[in-house]
Amino acid sequence: MKFIVSNNEIGLYFKKQVFQKVLPAGVYRYLSRNKNVVVINKKFALEKYGIELKTLKNKQKLINMVTSIQVKENELAFHYIDGLFFEILTPGTYTFFKEPYVHTFTIVDTIYIYVPESIDKSVIESLIRNNQHHGIIQAYVVEEGYVGILKVNGKFAKLLEPGKYYFFTNINDVNVKCLDLRTQTLQITGQELLTKDKVTLRMNFVFTYKIMDSFKVAMEFEDYDEQLYLFMQLALREYVSTKTLDELLAEKHEVGKYILEIVKPKEKEYGALFIEAGLKDIILPGEIRDILNTILIAEKKALANVITRREETASTRSLLNTAKLMEENETLYKLKELEYIERICDKVGNISLSSNSGIIDQLYEIFKGKKEAK
């Protein structure tokens with residue numbers, strides 16, 4: 001049987017499953033089936049090949065050539081070869097050949113959940129990206145404008161500022177929930193409400209708030225948005241039940257202000273600043289809407305009639321004033337005559353007049369004669 005040992009490898013020669021010697025790089029041939037060579041890549045531990053140093057006979061032949069590291073429970077070892085990260089070692093014993101590589105190790109205690117600063121972040125990112133973290137490292141990102149609520153084994157640990165965090169999760173259960181600290185809008189839509197005069201209507205309401213006490217929100221509320229929604233919904237129902245439909249329609253632009261006054265005293269209890277509230281829509285039942293439309297049409301017709309009568313009165317008053325002026329001022333009367341003559345001339349072809357009588361009298365006789373002829 002032929003065995004090839006490369007320059008970065010070493011061979012362990014076994015006879016009848018008993019270690020005999022170390023084989024350097026080269027080509028080896030053995031005819032007997034009782035002889036075997038295990039070729040070891042010097043980057044990896046002997047244990048990867050199923051070989052444990054402490055169980056080998058003749059292990060003294062190897063001791064000076066290898067170095068061992070023991071990773072305890074609750075620990076991880078970051079394995080570096082020639083200063084470059086190579087792999088993560090979980091709890092156990094590992095044996096490496098000293099030559100030609102330089103093996104170094106950084107051991108971390110995973111009871112402390114944070115990945116220490118001594119481990120370069122690029123190493124952690126590479127492990128996560130290539131899925132080589134053995135499920136024991138978890139990354140969380142807290143975006144700008146948010147705060148992270150860190151819980152370890154179900155208990156609150158601390159608040160996290162915006163940034164990226166890495167945690168060991170092989171022992172502890174780590175969870176990060178993010179709270180939005182920016183101004184937020186809560187939509188309360190399609191609420192069927194009963195007014196004081198027993199009219200059922202639907203409302204769409206909008207409410208703006210901002211979380212101020214993130215610790216209180218994290219510790220005392222299971223589902224903050226849902227509880228705040230319920231609180232605002234009940235406040236809206238309570239307010240509407242005290243108003244008639246006519247009052248609501250008359251005060252619809254003020255509803256938001258009234259609701260805000262009702263809920264403001266609860267700001268500290270909810271750990272938030274209640275900024276603004278407003279009514280978007282009031283949706284009436286079909287029959288109520290038809291009645292209101294009928295009333296509106298009747299009101300507009302009545303208003304139109306009032307305006308018409310007012311204009312007629314003003315016109316009559318103007319004619320009366322003109323007549324009085326003409327009666328008191330003969331020159332104004334003559335000017336009015338000339339104005340009417342001008343209008344008549346625009347409508348007829350030829351008019352013959354004499355100086356025997358007044359112009360108006362002659363025009364009157366002309367028109368009277370034409371009517372009698374017809």
Side-chain angles (χ1 to χ4, degrees), residues 138-152 154-165 167 173-197 199-285:
Q138 182 68 48
Y140 289 94
V141 176
V142 180
E143 300 286 350
E144 192 69 38
Y146 289 75
V147 64
I149 310 299
L150 173 62
K151 290 185 177 181
V152 180
K155 296 181 180 180
F156 172 79
K158 66 179 298 186
L159 298 176
L160 302 178
E161 297 296 323
K164 191 166 188 178
Y165 300 85
F167 303 100
D173 182 15
V174 178
N175 179 263
V176 176
K177 179 182 178 181
C178 292
L179 285 179
D180 193 344
L181 299 183
R182 300 171 298 178
T183 300
Q184 301 180 68
T185 299
L186 187 65
Q187 299 277 353
I188 304 175
T189 58
Q191 297 298 303
E192 292 195 356
L193 308 172
L194 189 66
T195 64
K196 185 178 180 180
D197 50 354
V199 176
T200 300
L201 49 81
R202 285 196 298 159
M203 281 188 173
N204 294 327
F205 195 76
V206 63
F207 175 68
T208 305
Y209 69 97
K210 184 177 182 180
I211 293 175
M212 304 301 291
D213 190 345
S214 53
F215 179 78
K216 182 180 183 67
V217 172
M219 296 301 295
E220 299 184 11
F221 294 88
E222 177 63 26
D223 192 331
Y224 183 78
D225 289 343
E226 183 176 342
Q227 293 193 41
L228 187 60
Y229 180 95
L230 181 60
F231 171 58
M232 294 303 303
Q233 183 186 51
L234 292 176
L236 185 62
R237 286 183 181 276
E238 181 181 353
Y239 174 77
V240 170
S241 66
T242 63
K243 300 291 182 178
T244 65
L245 177 61
D246 290 339
E247 289 173 337
L248 283 173
L249 293 177
E251 301 172 359
K252 61 182 178 181
H253 297 298
E254 303 296 325
V255 172
K257 184 177 71 174
Y258 295 144
I259 296 296
L260 197 60
E261 291 176 355
I262 292 173
V263 300
K264 268 285 185 182
K266 295 287 188 177
E267 283 184 330
K268 187 175 181 181
E269 182 178 333
Y270 280 84
L273 173 65
F274 298 153
I275 301 172
E276 190 176 4
L279 182 64
K280 291 178 65 178
D281 304 298
I282 296 180
I283 304 171
L284 301 173

**Student:** Got a second to check how far Met203's CE is from Thr189's OG1, nearest 0.5 Å?
**Tutor:** 13.5 Å

**Student:** Determine, stepwise, if the pair Tyr258 / Leu279 fulfils side chain to side chain contact (heavy atoms under 4.5 Å, CB included).
**Tutor:** CA-CA 11 Å; Tyr258 295 144; Leu279 182 64; over 6 Å; no

**Student:** Please round to the nearest 0.5 Å and tell me the distance separating atom CG of Asn204 and atom CG of Asp281.
**Tutor:**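 Between Asn204 CG and Asp281 CG, I get 4.5 Å after rounding to 0.5 Å.
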
**Student:** Taking the side chain as everything from C-beta on, heavy atoms only, tell me whether Lys155 gets closer than 4.5 Å to Leu150.
**Tutor:**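 No, their side chains stay 4.5 Å or more apart.
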
**Student:** Which distance, rounded to the nearest 0.5 Å, do you find between the CG of Leu234 and the CD1 of Ile262?
**Tutor:**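 With rounding to 0.5 Å, CG (Leu234) is 11.5 Å from CD1 (Ile262).
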
**Student:** Less than 4.5 Å apart, side chain to side chain, heavy atoms only: is that true for Leu160 and Val147?
**Tutor:**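 Leu160 does not reach Val147 side chain to side chain.
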
**Student:** State whether the number of non-hydrogen atoms from other residues, nucleotides or ligands found under 6.0 Å of Lys196 atom NZ is greater than 12.
**Tutor:** no

**Student:** Looking at side-chain heavy atoms only, is the closest gap between Thr195 and Thr244 below 4.5 Å?
**Tutor:** no

**Student:** Which residues pass the ring-ring contact (aromatic ring centres under 6.0 Å, His included) test with Tyr165, sequence neighbours left out?
**Tutor:**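 For Tyr165, no residue satisfies ring-ring contact (aromatic ring centres under 6.0 Å, His included) once neighbours in sequence are set aside.
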
**Student:** Before giving the answer on side chain to side chain contact (heavy atoms under 4.5 Å, CB included), spell out for Glu267 and Met212 the whole-Å C-alpha distance, their side-chain angles and the decisive distance to 0.1 Å.
**Tutor:** CA-CA 9 Å; Glu267 283 184 330; Met212 304 301 291; over 6 Å; no

**Student:** First locate atom CZ of Phe207, then atom CD of Glu276, and finally report the distance between them rounded to the nearest 0.5 Å.
**Tutor:** 10.5 Å

**Student:** Heavy atoms, side chains only, cut-off 4.5 Å: are Val176 and Phe167 in contact?
**Tutor:**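 Yes, at least one pair of side-chain atoms sits under 4.5 Å.
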
**Student:** Could you work out, with ring-ring contact (aromatic ring centres under 6.0 Å, His included) as the rule, every residue matching Phe231, not counting sequence neighbours?
**Tutor:** Tyr270

**Student:** Return the set of residues passing salt bridge (charged side-chain N to carboxylate O under 4.0 Å, His left out) with Glu247 (not counting sequence neighbours), or none when no residue passes.
**Tutor:**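 By the salt bridge (charged side-chain N to carboxylate O under 4.0 Å, His left out) rule, Glu247 matches no residue at all.
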
**Student:** Provide the full list of salt bridge (charged side-chain N to carboxylate O under 4.0 Å, His left out) pairs with a residue in residues 179-191, sequence neighbours left out, each pair given once.
**Tutor:** Asp180-Arg182

**Student:** For residues Val174 and Tyr140, report the shortest heavy-atom separation together with the two atoms involved.
**Tutor:**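 Smallest heavy-atom distance, with atoms named: O-OH, 3.2 Å.
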
**Student:** Restricting to non-hydrogen atoms, name the atom on Gln227 and the atom on Glu222 that form the minimum distance, rounded to 0.1 Å.
**Tutor:** NE2-N, 3.7 Å

**Student:** Go through the structure and list residues passing salt bridge (charged side-chain N to carboxylate O under 4.0 Å, His left out) with Glu161, not counting sequence neighbours.
**Tutor:** none

**Student:** What pairs with Lys252 under salt bridge (charged side-chain N to carboxylate O under 4.0 Å, His left out), at least two apart in sequence or on another chain?
**Tutor:**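 So Lys252 forms no salt bridge (charged side-chain N to carboxylate O under 4.0 Å, His left out) with any residue.
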
**Student:** Can you name the residues that form a side chain to side chain donor-acceptor pair (under 3.5 Å) with Ser214, not counting sequence neighbours?
**Tutor:**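 By the side chain to side chain donor-acceptor pair (under 3.5 Å) rule, Ser214 matches no residue at all.
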
**Student:** Could you pull out all residues at least two apart from Glu254 that satisfy side chain to side chain donor-acceptor pair (under 3.5 Å)?
**Tutor:** Lys257

**Student:** Could you check whether any side-chain heavy atom of Ile259 comes within less than 4.5 Å of a side-chain heavy atom of Met232, counting everything from C-beta outward?
**Tutor:**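 Sidechains of Met232 and Ile259: in contact.
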
**Student:** What are the two closest non-hydrogen atoms of Gly271 and Val217, and how far apart are they?
**Tutor:** O-CG2, 4.2 Å

**Student:** With side chains defined as the heavy atoms from C-beta onward, is the minimum distance between Phe205 and Val255 less than 4.5 Å?
**Tutor:** yes

**Student:** Please give me the minimum heavy-atom distance between Ala157 and Val152, naming the atom from each residue.
**Tutor:**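 Taking every non-hydrogen atom into account, CB-CG2, 3.9 Å.
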
**Student:** Sequence neighbours excluded, which residues qualify as salt bridge (charged side-chain N to carboxylate O under 4.0 Å, His left out) partners of Lys216?
**Tutor:** Glu220

**Student:** Can you tell if the side chain of Ile211 reaches within under 4.5 Å of the side chain of Tyr224, non-hydrogen atoms only?
**Tutor:** yes

**Student:** What residue pairs, at least two apart or across chains, pass salt bridge (charged side-chain N to carboxylate O under 4.0 Å, His left out) with a residue in residues 223-240?
**Tutor:** none

**Student:** For Lys210, what residues pass the side chain to side chain donor-acceptor pair (under 3.5 Å) criterion, not counting sequence neighbours?
**Tutor:**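 Lys210 satisfies side chain to side chain donor-acceptor pair (under 3.5 Å) with no residue once adjacent residues are dropped.
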
**Student:** For Lys266, which residues count as a side chain to side chain donor-acceptor pair (under 3.5 Å) partner, sequence neighbours excluded?
**Tutor:**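 Per chain and number, Lys266 pairs via side chain to side chain donor-acceptor pair (under 3.5 Å) with Glu269.
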
**Student:** With side chains defined as the heavy atoms from C-beta onward, is the minimum distance between Tyr239 and Leu248 less than 4.5 Å?
**Tutor:**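 Result yes, sub-4.5 Å side-chain heavy-atom pair found.
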
**Student:** Out of curiosity, Asp213 CG to Met219 CE, how far, rounded to the nearest 0.5 Å?
**Tutor:**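 Interatomic distance, Asp213 CG to Met219 CE, rounded to 0.5 Å: 11.5 Å.
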
**Student:** Give, for atom CG of Leu186 and atom OH of Tyr229, the distance between the pair rounded to the nearest 0.5 Å.
**Tutor:**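 Nearest 0.5 Å value for the CG-OH distance: 7.5 Å.
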
**Student:** Quick check: closest heavy atoms across Pro162 and Gly145, and the distance to 0.1 Å?
**Tutor:** CG-N, 4.4 Å

